[in-house]
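Working notes for the structure below.
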Amino acid sequence: MPLALLALAVGAFGIGTTEFVIMGLLPDVADDLHISIPTAGHLVSAYALGVVIGAPLLAALTARMPRRTVLISLMALFVAGNALSALAPGYDSLLAARFLSGLPHGAFFGVGAVVATAMVPPERKARSVSLMFLGLTVANVVGVPVATLMGQHLGWRATFLGVSAIGLAAIASLALLIPRDRAAAPTTGLRGELAALRSLPVWLALGTTVAGFGALFAAYSYVTPMLTDSAGFAEGSVTVLLALFGVGATAGNLLGGRLADHSMRGTLFGGLASMVAALLLFPVLMRAEWSAALAVALLGMAAFVTGSPLQLMVMEKAAAAPSLASSANQAAFNLANAGGAWIGGLALAAGFGVTSPAVAGAALAVLGLGVASAAYLVDRRREVVSVGRVIVAHVPEQAGALQH
């Protein structure tokens, strides 16, 4: 694998760290800015909103730029957003800075996936995407716990300065390692990129992302009360258990990339089916500490097995103009985050029990399987129609030859 993938992974590590570390720093931010924790929680939403808006917008605006330049520019915007977060004098300015930090997130992963696949042979495309995403999953194992400890001991502003430093390291890596000839300006332009989003298979792939990762966040958003109220863990143990989720996600990401190079759709269906099974077992596994820890790791593994094949499927369905569609998949991921958490919350509010969000997540994973199946049937129908047209065109040629 090209060393240039390391540069993409460093950027992904910084993005993953800043996205999730705020959740552990909400009490510190609330105390320092004299706001309530629910109000501080809007900082999470501001970042997610930045991702959803920025992913397609920045991918469209940079459609004619060399992709190497785009990646460096996006990471520079990321550094600026985190530096402004560290220097924010009050809540409103911090809210705006968090929104700014989220803008480059989706476009970086979207364009980065296109660059990663351009640097490897076709049989290693999924693996190259998984290696870029490795930075994101490792951030949950190492980056987020370390950054949280830094914030608790040195102040939350130090955390964002540290993340800015990671962004600067990513810029240097991108400038040194990304080859210009493999990240040249695309020839399609904005019109070609927008045309890609009119494809039904692209929308079905994006729908699979929303439903599949919505299943993950329906359960993961409420995993802390499951671990404390059902499994009986002390609150202080939850951080270590969440690192187990990161370990599972890292293993699933690497496994999914390797398997998807052999069978992209088979890996996708297998991952979604594994999520259904893991989430349905949650109410049983959350009855004991050892099995609850196993459940958290299995959930991370099952969910992230689907990451690379989903990203690659969106890119293949929009092969003529993959950057915008690939970035839109990251927006879909964040819609899944918000939607899954909302659906899991409905199950809790309805009084179905502390583990009910996992069952709701299983239903979403089944929906993801349904959407993925619909995408498969659409592809099969198009293949049949395409073959039929070739045969119809070929028969008159044969008839003409016989007449002569």
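Remember, predicted model here, so these are calculated numbers, not experimental data.
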Mind running side chain to side chain contact (heavy atoms under 4.5 Å, CB included) on Thr306 and Thr267 for me, showing each step along the way?
CA-CA 7 Å; Thr306 65; Thr267 304; over 6 Å; no
Gln311 vs Phe109, side chain to side chain contact (heavy atoms under 4.5 Å, CB included): CA-CA, chis, key distance, verdict:
CA-CA 10 Å; Gln311 189 74 28; Phe109 280 111; 5.7 Å; no
Between Ser274 and Val305, does the side chain to side chain contact (heavy atoms under 4.5 Å, CB included) criterion hold? Intermediate values first, please.
CA-CA 9 Å; Ser274 298; Val305 160; over 6 Å; no
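The shortest side-chain heavy-atom distance between Thr250 and Phe304 does not fall under the 4.5 Å cut-off. Taking the side chain as every heavy atom from C-beta outward, Val276 and Leu272 never approach each other to under 4.5 Å. In this structure, the side chains of Leu294 and Leu244 stay at 4.5 Å or more apart for every pair of heavy atoms. Proximity of Asp261 to Glu123: side-chain heavy atoms (C-beta onward) are nowhere separated by under 4.5 Å. Side-chain contact between Ser327 and Leu58 is absent, with no heavy-atom pair separated by less than 4.5 Å. The closest side-chain heavy-atom distance from Val210 to Leu206 is not below 4.5 Å. Under the 4.5 Å side-chain criterion, counting only non-hydrogen atoms from C-beta, Leu8 is in contact with Leu5. Put simply, the side chain of Met119 does not reach to within 4.5 Å of the side chain of Ser128, judged on heavy atoms.
Although no hydrogens or angles enter the test, the distance criterion places no donor-acceptor pair under 3.5 Å between the side chain of Thr62 and the main chain of Met65. No donor-acceptor pair closer than 3.5 Å links the side chain of Thr18 to the backbone N or O of Gly14. With hydrogens and angles ignored, the 3.5 Å screen pairs a side-chain donor or acceptor of Tyr222 with a backbone N or O of Gly345. Thr39 places no side-chain N or O within donor-acceptor distance of the main-chain N or O of Ile35, the cut-off being under 3.5 Å. The backbone N or O of Gly246 lies less than 3.5 Å from no partner atom in the side chain of Thr137, so there is not a single donor-acceptor pair. The closest donor-acceptor contact from the side chain of Asn140 to the backbone of Leu136 lies under 3.5 Å. Remark: the backbone N or O of Ala288 is paired with a side-chain donor or acceptor of Ser291 at under 3.5 angstrom. Panel note: side chain Asn334, backbone Gln330; a donor-acceptor pair is recorded below 3.5 Å. The backbone N or O of Val120 lies less than 3.5 Å from no partner atom in the side chain of Arg127, so there is not a single donor-acceptor pair.
The environment of OH in Tyr376 is sparse: at most 12 heavy-atom neighbours from other residues, nucleotides or ligands sit within 6.0 Å. The neighbour count for His262 NE2, taken as heavy atoms of other residues, nucleotides or ligands under 6.0 Å away, is above 12. For Arg258, the CZ atom counts as loosely surrounded, since its 6.0 Å shell holds 12 or fewer non-hydrogen atoms of other residues, nucleotides or ligands.
Nearest heavy-atom pair, Thr17 versus Val163, reported as atom, atom and distance to 0.1 Å: CG2-CG2, 4.0 Å. The minimum heavy-atom distance linking Ala113 with Ser326 is given by the pair CB-OG, 3.8 Å. A pairwise comparison of heavy atoms in Ala219 and Leu279 identifies CB-CD2, 3.5 Å as the closest pair. Smallest separation of non-hydrogen atoms from Ala372 and Leu268: CB-CD2, 4.3 Å. Shortest non-hydrogen contact noted between Leu285 and Ala295 is CD1-CB, 3.7 Å. The two residues Met301 and Ala251 have their closest heavy-atom pair at CE-CB, 3.7 Å.
Looking at Ser130 and Asn253, their side chains never bring a donor and an acceptor atom within 3.5 Å of each other.
Each of Arg98, His42, His105, Glu19 was checked for a side-chain hydrogen bond (donor to acceptor under 3.5 Å, both in side chains) with Tyr47, and the lone residue meeting it is His105.
When the salt bridge (charged side-chain N to carboxylate O under 4.0 Å, His left out) test is applied to Arg287, no partner is found at least two apart in sequence or on another chain.
The OG atom of Ser93 sits 8.0 Å away from atom CG of Leu33, with the distance rounded to the nearest 0.5 Å.
Within the 6.0 Å centre-distance limit, the rings of Phe245 and Tyr220 are counted as a close aromatic pair.
Between Phe213 and Phe217, the two ring planes are tilted [angle within 30° to 60°].
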